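First comes the structure, then the notes that go with it.
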Amino acid sequence: MAHIIVVGNEKGGAGKSTVSMHVATALARMGHKVGALDLDLRQKTFGRYANNRKTFCETQGIALPSAEYRDLPEVDQAALRPGENPYDQRLAAAVAGLERDKEFILIDCPGSHTRLSQVAHSLADTLITPLNDSFIDFDLLAHVDSDGLKIIGPSVYSEMVWNARQLRAQAGLKPIDWVVLRNRVGAQQMVNKEKMGKALDNLARRIGFRVAPGFNERVIFRELFPRGLTLLDLRDIGVKQLNISNVAARQELRDLMKALNLPGVTVDF
Ligand SMILES: Nc1ncnc2c1ncn2[C@@H]1O[C@H](COP(=O)(O)OP(=O)(O)OP(=O)(O)O)[C@@H](O)[C@H]1O
Ligand SMILES: [Mg+2]
């Protein structure tokens with residue numbers, strides 16, 4: 001059985017597709033067989049990222065280790081039983097198609113609450129939730145008091161994860177390993193940054209997730225999309241010397257991969 005990694009957060013623009021591409025590519029580069037799905041059927045950022053990589057490799061005549069990206073297959077609507085959801089069937093067929101020969105399936109979710117995303121969360125062996133360093137983004141995980149210190153209660157997204165956990169428990173599946181990582185963190189030591197850190201540590205204990213080292217705000221995470229590259233590919237396309245920010249970004253990705261603690265993975269880049 002493939003280990004399913006879901007990257008989800010109902011908040012748009014948290015960094016899900018960026019994290020998806022980097023985690024999927026890091027695994028592929030370490031020699032693992034990785035399948036990839038994009039459940040944002042409208043924007044398809046992750047799918048486009050993966051296709052850009054394919055096109056770049058073809059036009060440059062190079063081979064870069066890559067996850068195998070697949071679109072969700074269409075299902076025959078007429079063949080559905082009454083009450084059966086076509087999206088559930090499409091996701092199930094996509095996962096079944098990859099499960100046979102992949103060690104990992106990476107699923108990128110849309111930045112909104114959809115049926116597909118909800119079902120995907122219940123399939124997650126590992127759930128990665130990138131989070132912008134802002135209390136507006138934190139608000140989808142939990143409500144806090146005006147100081148930002150005291151947690152008043154869980155919010156819509158963590159309730160959805162809680163439901164997914166219940167479904168898995170009922171089905172006798174192993175619990176979701178939920179990992180939250182802060183993204184686009186500013187370089188300076190700011191009051192807000194410190195408060196967010198404390199609030200997250202507090203919440204982690206309350207609702208059961210782990211906080212992984214995150215990514216700083218870095219140009220490199222933004223500029224590689226058109227070529228479908230990640231910062232792990234730079235040496236292969238002839239970049240001789242990584243600048244300090246790119247070396248630090250590589251370290252951030254390495255620390256994330258270690259923190260994910262995925263089965264059978266020894267982080268060696
Ligand atoms: N660490 C980072 N440093 C700089 N820019 C980043 C970083 N992470 C993400 N970005 C940029 O932030 C924007 C949102 O990222 P991304 O598309 O990965 O988020 P998303 O959660 O997938 O969004 P959506 O909810 O729309 O699917 C993009 O422009 C991306 O290039
Ligand atoms: Mg996205």
Side-chain angles (χ1 to χ4, degrees), residues 5-26 36-53 67 69 71-72 91 106-118 120-121 124 127-134 136-141 155-158 160-161 178-188 190 192-193 196-197 200 211-234 242-257 259-260:
I5 305 167
V6 172
V7 182
N9 185 346
E10 273 172 49
K11 186 78 191 159
K16 295 177 287 297
S17 301
T18 307
V19 167
S20 293
M21 190 63 183
H22 279 83
V23 170
T25 307
L37 302 172
D38 188 350
L39 303 188
D40 192 336
L41 302 184
R42 186 173 162 81
Q43 296 184 11
K44 281 207 184 155
T45 305
F46 182 40
R48 293 181 49 72
Y49 206 150
N51 282 328
N52 290 350
R53 184 177 183 85
Y69 172 77
D71 279 325
L72 290 196
L91 179 56
L106 196 135
I107 306 179
D108 185 18
C109 291
S112 57
H113 181 68
T114 65
R115 168 84 191 183
L116 266 178
S117 171
Q118 204 180 355
H121 279 69
L127 170 63
I128 308 176
T129 299
L131 189 75
N132 277 318
D133 229 35
S134 150
I136 293 184
D137 289 47
F138 190 92
D139 196 52
L140 267 81
L141 286 181
S155 182
V156 280
Y157 183 68
S158 39
M160 196 264 269
V161 176
W178 187 11
V179 178
V180 173
L181 74 112
R182 295 161 78 184
N183 189 25
R184 307 191 73 166
V185 181
Q188 287 98 354
M190 307 276 255
N192 184 67
K193 188 164 150 183
M196 274 284 290
L200 266 181
V211 183
F215 294 163
N216 275 292
E217 170 75 32
R218 296 184 191 282
V219 178
I220 191 72
F221 285 118
R222 269 185 267 139
E223 62 184 14
L224 297 172
F225 172 80
R227 288 175 290 169
L229 300 173
T230 68
L231 50 95
L232 298 181
D233 304 307
L234 297 176
L242 296 185
N243 67 33
I244 291 177
S245 177
N246 295 357
V247 170
R250 201 181 162 91
Q251 183 64 43
E252 286 167 5
L253 181 56
R254 191 182 295 131
D255 290 342
L256 169 64
M257 295 308 296
L260 289 180

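Please read these numbers as outputs of a predicted model, since none were measured by experiment. Every number for a ligand or one of its atoms is a count from 1 in the order of the listing. In this chain, residues are counted from 1 in sequence order.
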ask   = So between Lys11, Arg184, Arg218, Glu252, whose heavy atom ends up nearest atom 12 (O) of ligand 1?
value = Arg184
task = Test Arg53 against Thr25 for side-chain contact (heavy atoms from CB on, under 4.5 Å), laying out the working first.
result = CA-CA 11 Å; Arg53 184 177 183 85; Thr25 307; 3.4 Å; yes
query = Is Leu39 close to Val6 at the side-chain level, that is, under 4.5 Å between some pair of heavy atoms?
reply = no
Which atom of Gly13 lies closest to which atom of Asn132, heavy atoms considered = O-ND2, 3.0 Å
task = Determine the minimum heavy-atom distance between Thr45 and Asp38, stating which atoms define it.
result = N-OD2, 3.4 Å
request  = Mark yes or no for whether Asp139, through its side chain, and Ile136, through its backbone, hold a donor-acceptor pair below 3.5 Å.
outcome  = no
ask   = How far apart are the closest heavy atoms of Leu256 and Ala212, and which atoms are they?
value = CD1-CB, 4.0 Å
query = Which residue holds the protein heavy atom closest to atom 17 (O) of ligand 1, what is that atom called, and what is the gap in Å?
reply = Ser17 CB, 4.2 Å
key: Residues Arg227 and Asp233 bridged, charged N to O under 4.0 Å   = no
remark   = Between Ala249 and Leu231 the two heavy atoms that sit nearest each other are CB-CD2, 3.5 Å
inquiry  = Show the nearest heavy-atom pair for residues Thr129 and Tyr157, with the distance to one decimal.
reply    = OG1-OH, 3.5 Å
inquiry  = Is Pro110 close enough to touch ligand 1? Criterion: a residue heavy atom under 4.0 Å from a ligand atom.
reply    = no
query = In ligand 1, which numbered atoms sit nearer than 4.0 Å to a non-hydrogen atom of Glu217?
reply = 3 (N), 4 (C), 5 (N)
Enumerated ligand 1 atoms positioned under 4.0 Å from heavy atoms of Asn216 = 1 (N), 2 (C), 3 (N)
key: Sub-3.5 Å N/O-N/O distance, Phe215 and ligand 1   = no
key: Atoms of ligand 1 close to Ala14 [distance to a heavy atom under 4.0 angstrom, numbered from 1]   = 19 (O), 20 (P), 21 (O)
ask   = Hey, is atom 28 (C) of ligand 1 under 4.0 Å from any protein heavy atom?
value = no
remark   = heavy-atom search around atom 19 (O) of ligand 1 in the protein gives Gly15 N, 3.0 Å
key: In the protein, N/O/S atoms that are found under 2.8 Å from the Mg ion (ligand 2), waters not counted   = Ser17 OG
Top protein contact for atom 31 (O) of ligand 1, by heavy-atom distance = Arg222 CG, 3.1 Å
query = How are the rings of Phe221 and Phe215 set relative to one another: parallel (under 30°), tilted (30 to 60°) or perpendicular (over 60°)?
reply = parallel
task = Apply the test side-chain hydrogen bond (donor to acceptor under 3.5 Å, both in side chains) to residues Arg115 and Gln118: give CA-CA distance (whole Å), side-chain angles for both, the deciding distance (0.1 Å), then the verdict.
result = CA-CA 5 Å; Arg115 168 84 191 183; Gln118 204 180 355; 5.2 Å; no
remark   = In short, Arg218 meets Ser245 closest at the heavy-atom pair NH1-OG, 3.1 Å
Atom 23 (O) of ligand 1 - nearest protein heavy atom and its distance = Gly13 N, 3.0 Å
inquiry  = Students should be able to answer this: which protein heavy-atom is nearest to atom 20 (P) of ligand 1, and at what distance?
reply    = Lys16 N, 3.4 Å
note = of all protein heavy atoms, closest to atom 26 (O) of ligand 1 is Gln43 OE1, 3.4 Å
remark   = protein heavy-atom neighbour closest to atom 18 (O) of ligand 1 works out as Thr18 OG1, 2.6 Å
ask   = Heavy-atom contact under 4.0 Å between Val7 and ligand 1?
value = no
ask   = Taking everything shown except Arg222 itself, do over 12 heavy atoms lie less than 6.0 Å from its CZ?
value = yes
ask   = Are Ser17 and Gln43 close enough, and set up right, to give a side-chain contact (heavy atoms from CB on, under 4.5 Å), and what steps lead you there?
value = CA-CA 11 Å; Ser17 301; Gln43 296 184 11; over 6 Å; no
query = Between the candidates Val219, Asn183, Thr129, which shows the shortest non-hydrogen contact distance to atom 1 (N) of ligand 1?
reply = Asn183
